[in-house]
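Counting starts at 1 for both ligands and their atoms, following the listed order.
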Amino acid sequence: MKALVVTGKGERPRVADVVLPPVGPGEVRVRIRAAGVCHSDLSMINGTLAPTYPLVLGHEAAGVVTEVGPEGAGRRIDVGDHVVLNWAPPCRECWHCTHGEPWLCAEGGRPSAPRGHLASGEATHVTLGLGALAEEVVVPSHAVIPVPADLPADVAALLGCAVLTATGAVNRTATVHPGQSVVVIGLGGVGLATLIAARAAGAGQVIGVDLSEAKRDLALAAGATDFVVSDDTMVKAVRALTGGRGADHAIECVGRSTTIGAAWRATRRGGQVTVVGMGARDDLVSLSALDIFHSARTLRSSVYGSSDPDRDLPDLAAAVTNGSLDLAPLITDRIPLEAAPDAFDRMSRGEGARSVILFD
Ligand SMILES: [Zn+2]
Ligand SMILES: [Zn+2]
């Protein structure tokens with residue numbers, strides 16, 4: 001089968017033939033119908049997440065089950081089921097899983113896992129246990145979540161990463177209430193999905209912030225009431241839009257100390273800062289002890305949207321189907337697998353929203 005493979009740190013990804021292993025006990029084979037190009041895949045290519053190469057990219061996808069292995073433990077999955085892939089399937093046995101925090105599962109967090117081989121015989125690894133920028137995956141049955149067959153595949157794919165992350169950050173980590181003001185910093189796929197989720201949660205004012213003025217129209221289409229270019233005057237501009245106080249919530253989707261600091265200052269006294277972006281180990285955020293006390297703000301991180309995908313993803317699918325969650329503004333390109341390397345180039349330049357690879 002064809003898959004998007006990166007052979008070494010910083011190499012340009014290319015389409016290659018990959019041979020997957022047979023479907024083992026408790027595993028399923030899924031024919032991928034659509035897969036998103038996510039920023040975490042870029043972090044796999046440039047080595048930030050330190051995966052093992054050669055690596056099959058992709059972790060945000062939807063498809064159809066074509067084979068079910070023997071004696072599958074856990075959830076029953078049947079051939080023909082439409083599914084969304086879950087890149088962080090919880091073990092349901094560790095301390096966090098048994099204490100209501102499956103997104104912090106002790107078994108999660110490995111950037112890549114060995115699976116399959118190239119035509120040359122060289123062993124391949126797959127991104128986050130999936131490797132979903134590929135015609136097929138072989139994965140544990142608890143890494144797939146059934147969704148209605150009539151859910152469009154391109155939208156279904158995005159539920160598994162960008163949308164679950166964004167809606168969880170808004171509704172579960174930050175707990176945005178109707179009428180509150182929300183500023184979202186960094187308008188890539190997750191940031192734009194966060195704007196959509198904030199509006200869906202009933203937020204009054206939703207302010208999108210990005211370095212690029214070109215994101216203004218995308219932000220407004222995703223439901224932002226205001227757009228502010230990220231520069232030295234950004235915090236002032238957000239305060240001016242929020243009665244001089246700052247926003248009730250800031251949701252940071254970049255993962256840099258400068259934008260986390262800006263999110264902190266753009267939030268009102270007693271407000272909440274939610275960090276969705278994954279940053280670097282040596283990028284230190286500086287807050288004064290007096291400011292922490294006086295501002296009375298809360299700073300939290302949102303890992304996989306503080307969500308339980310098995311519980312929350314079917315709800316998202318239902319919200320898309322009944323029209324209460326419109327994800328159309330997120331998808332700016334629908335392209336074949338061969339065009340995926342160009343989509344990574346566009347993403348690294350900060351252009352567009354999500355590119356979705358269609359396999360049908
Ligand atoms: Zn992702
Ligand atoms: Zn666990």
Salt-bridge contact Lys236-Asp231 (side-chain N to carboxylate O under 4.0 Å): no
Give a yes/no answer: is there an N/O/S atom of Cys38 under 2.8 Å from the Zn ion (ligand 1)? yes
For the metal site, I want the angle between atom SG of Cys94 and atom SG of Cys91 with the Zn ion (ligand 2) at the apex, to 10°. 110°
Can Thr173 and Ser306 be said to form a side-chain hydrogen bond (donor to acceptor under 3.5 Å, both in side chains), step by step? CA-CA 6 Å; Thr173 316; Ser306 309; 2.7 Å; yes
N/O/S from His96 sitting under 2.8 Å away from the Zn ion (ligand 2): no
We want to know whether Ser212 and Asp210 form a side-chain donor-acceptor pair, criterion being a heavy-atom distance below 3.5 angstrom. no
Pairing of Asp291 and Arg269 as salt bridge, 4.0 angstrom limit: no
Starting from the Zn ion (ligand 1), look over the N/O/S atoms of His59 and name the nearest one. NE2
